[in-house]
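Here the structure is laid out as structure tokens; the discussion comes afterwards.
Every chain is numbered from 1 and lettered A, B, ... according to where its sequence line falls, protein lines coming before strand lines. Side-chain atoms are counted along with the backbone in the values below, which use heavy atoms only and exclude waters and symmetry mates.
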Number of protein chains: 2
Amino acid sequence: MSLIPIRPGAQSGGGRPAAPAAETGRRDAARNRELLLCAAREIVGESSVDALTMDRLAQRAGVGKGTVFRRFGSRAGLMMALLSDAEAEFQGRFMFGPPPVGPGAPPLERLIAVGAARIAWTLEFGELARAADASAYNRFDVPPAVLWHRHLEMLLRDAGVTADPRLMASALGAALEPELLLHSVGVHGIAPERLAETWRELVTRIVGGH
Amino acid sequence: MSLIPIRPGAQSGGGRPAAPAAETGRRDAARNRELLLCAAREIVGESSVDALTMDRLAQRAGVGKGTVFRRFGSRAGLMMALLSDAEAEFQGRFMFGPPPVGPGAPPLERLIAVGAARIAWTLEFGELARAADASAYNRFDVPPAVLWHRHLEMLLRDAGVTADPRLMASALGAALEPELLLHSVGVHGIAPERLAETWRELVTRIVGGH
DNA sequence: ATGCTAAACGGACTGCGGTCCGTTTATATT
DNA sequence: AATATAAACGGACCGCAGTCCGTTTAGCAT
């Protein structure tokens, strides 16, 4: 179940139809949607995210290419759809899960914990996340990203950061972007623990704790 | 004059030739390089960065498409070449320019000032910078980016940040990435001064100043 | 001047994301 | 069951970045 409905085709820029998520509309549409997601997971599983081209996907699923774009709007939209479960699970953890990531722990502790969790999550699903981001201007305005930033903002407020917590959250959030994390680990071989440690240092200093 | 030689074709990934920057090699090559840069600036000036396609550029400059790619390696490489002057000027400012951006001021002041300068710079050349970034994994490993991060790292050290200043610099640098800044200003209408103010708050808290 | 060779050239070609539009079909209505 | 219609379908088509390879040429050696 999706806590925030992730509607892949909902990019503000382009396609009118705003692809319906599941249960609505015609039966064959829903069937094809599942067919496509399934085939997409197969391709990613067998090869890599890069190997997932829209043509190949259409062929594999036995549908026309137009159908793929009708369902998901764009390649990035498809990637978001593939991520949606993992994303929802992560959202659930920081919103309703057990402390220190979920509510119940002091704000600073939560910030530290949720950052570490985000790092781990990104390293697990990062390739998909990167492909989902790779799109356009609205990268930061997609529902899960908005929720995530709002959550950081709230934690900052709770921790007593009064100066423009919204922008502070953006700035801080930038330190956890998939691009950066994947690059640090993948190219420079930084250990994930060091990233988490740096994040701890960062937020600790920012909320003035210590 | 370029403080750090920016060699557009030097992406570690692909093209072997690593396009020679100016004065080396054959005369016609150099001439075509200038021809292309000139035509590129024309196109960008008349329309926009997005309107600068490699085909159009080749046609406009009256050379073959192969030549464009031989010179610049990729679209991103071309963008870097277009940025190179502005980039070098900015480098000069924070390395040798007058305080507080250049050397001479206390580290925290320099951090604050250089961040503000970077924000202004990005808002001026951001579209090019975005197009130059838009490439690959090595976005952070291109010479100007490396120099910039190293500089932040040095300032952090000078300011007494002892815990993993390298990663701290990456994290902080992420808050100044073109994507984020352009999005804040362009989509959400945040005033540049607020961005600079947030940066000030951020680094002040991090170096434990005040 | 002539010839040699490495380098530069140009444009046809590939694979990709994304669009368009004529055709088919699921479903509601009678 | 027959019909209507909005929706979904499929694949030809477009423009793009990037590659490949046969052809041309600049600059040097003789």
Side-chain angles (χ1 to χ4, degrees), chain A residues 8-9 11 13-36 39-40 43 47-80 131-136, chain B residues 8-9 11 13-36 39-40 43 47-80 131-136:
Chain A
Q11 265 82 290
R16 230 60 44 77
E23 69 255 59
T24 184
R26 271 163 58 162
R27 205 69 116 260
D28 52 348
R31 183 182 45 96
N32 275 344
R33 188 189 155 88
E34 294 315 308
L35 216 59
L36 282 165
I43 293 174
S47 310
S48 72
V49 171
D50 292 333
L52 180 53
T53 72
M54 301 305 259
D55 290 276
R56 205 193 306 280
L57 175 58
Q59 191 178 3
R60 177 78 159 244
V63 306
K65 191 178 182 177
T67 301
V68 181
F69 280 91
R70 167 175 300 272
R71 290 297 91 181
F72 301 106
S74 68
R75 198 180 116 101
L78 170 67
M79 296 303 177
M80 289 186 209
D133 280 351
S135 61
Chain B
Q11 265 82 289
R16 232 58 47 75
E23 69 255 58
T24 185
R26 271 164 57 162
R27 207 72 115 259
D28 52 348
R31 184 184 45 96
N32 275 342
R33 188 190 154 90
E34 294 314 308
L35 217 60
L36 283 165
I43 294 174
S47 311
S48 73
V49 173
D50 292 333
L52 179 53
T53 71
M54 302 304 259
D55 290 276
R56 205 193 305 281
L57 175 59
Q59 191 178 3
R60 175 79 159 244
V63 307
K65 190 177 184 178
T67 301
V68 182
F69 280 92
R70 168 176 297 272
R71 290 297 92 183
F72 302 105
S74 67
R75 197 178 117 101
L78 169 67
M79 297 303 179
M80 288 186 211
D133 280 351
S135 62

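Taking atom CD on A:Q59 and atom C1' on C:dG15, their separation rounds to 13 Å, with Å as the unit. B:L52 has its CG atom 17 Å from the P atom of D:dG15, to the nearest Å. Atoms CG (B:L36) and C1' (C:dA8) sit 13 Å apart, rounded to a whole Å. The interatomic distance linking A:F72 (CZ) with C:dT19 (P) rounds to 16 Å, in whole Å. Here the P atom of nucleotide C:dC9 and the CG atom of B:L35 are 10 Å apart, to the nearest Å. Rounded to an integer number of Å, the gap from B:L78 CG to D:dG18 P is 10 Å. One interatomic measurement links the two molecules: CE of A:M54 to P of D:dG15, which rounds to 20 Å at whole-angstrom precision. Whole-Å rounding puts the B:L57 CG to C:dC9 P distance at 13 Å.
Set against D:dG18, C:dG17, C:dA8, the side chain of B:R71 has C:dA8 as its closest nucleotide. Here C:dG18 is the nucleotide among C:dC16, D:dC9, C:dG18 with the atom lying nearest to any side-chain atom of A:F69.
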Set out, line by line, the N/O atom pairs under 3.5 Å between protein and nucleotides 28-30 of chain D.
none

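With sequence neighbours left out, the salt bridge (charged side-chain N to carboxylate O under 4.0 Å, His left out) criterion links A:R56 to no other residue.
Side-chain N/O atoms of B:K65 and base N/O atoms of C:dA12 include no donor-acceptor pair closer than 3.5 Å.
Within the model, atoms CZ of A:R31 and CG of A:L36 stand 10.0 Å from one another, a figure rounded to the nearest 0.5 Å. Going from atom CG of B:L35 over to atom CZ of B:R71 covers 12.0 Å, rounded to the nearest 0.5 Å. Annotation: the span from B:F72 atom CZ to B:M54 atom CE amounts to 8.0 Å, rounded to 0.5 Å. Taken to the nearest 0.5 Å, the CG atom of A:L57 stands 9.5 Å off from the CZ atom of A:F69. To the nearest 0.5 Å, atoms OG1 (B:T67) and CZ (B:R33) are separated by 13.5 Å. One distance of note links CD1 of A:I43 with CD of A:Q59; it measures 9.0 Å at 0.5 Å rounding.
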Exercise for review: For each nucleotide in nucleotides 21-30 of chain C, reading 5' to 3', give B when a protein heavy atom comes within less than 4.0 Å of its base, S when such contact involves only the sugar-phosphate, and - otherwise.
Suggested key: ----BSS---
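Using a distance-only test at 3.5 Å, with no hydrogens or angles considered, a donor-acceptor pair links the side chain of B:R75 to the main chain of B:L52.
The 5' end of DNA chain D is approached more closely, in terms of each residue's nearest nucleotide, by A:T67 than by the other of B:R56 and A:T67. Between A:A29 and A:D55, the residue anchored closer to the 5' end of DNA chain D is A:A29, taking for each the nucleotide with the nearest heavy atom.
Contact detail for B:A39 and B:R60: the closest heavy-atom pair is CB-CG, 3.8 Å.
Neither OP1 nor OP2 of C:dA8 sits under 4.0 Å from any side-chain N or O of B:N32.
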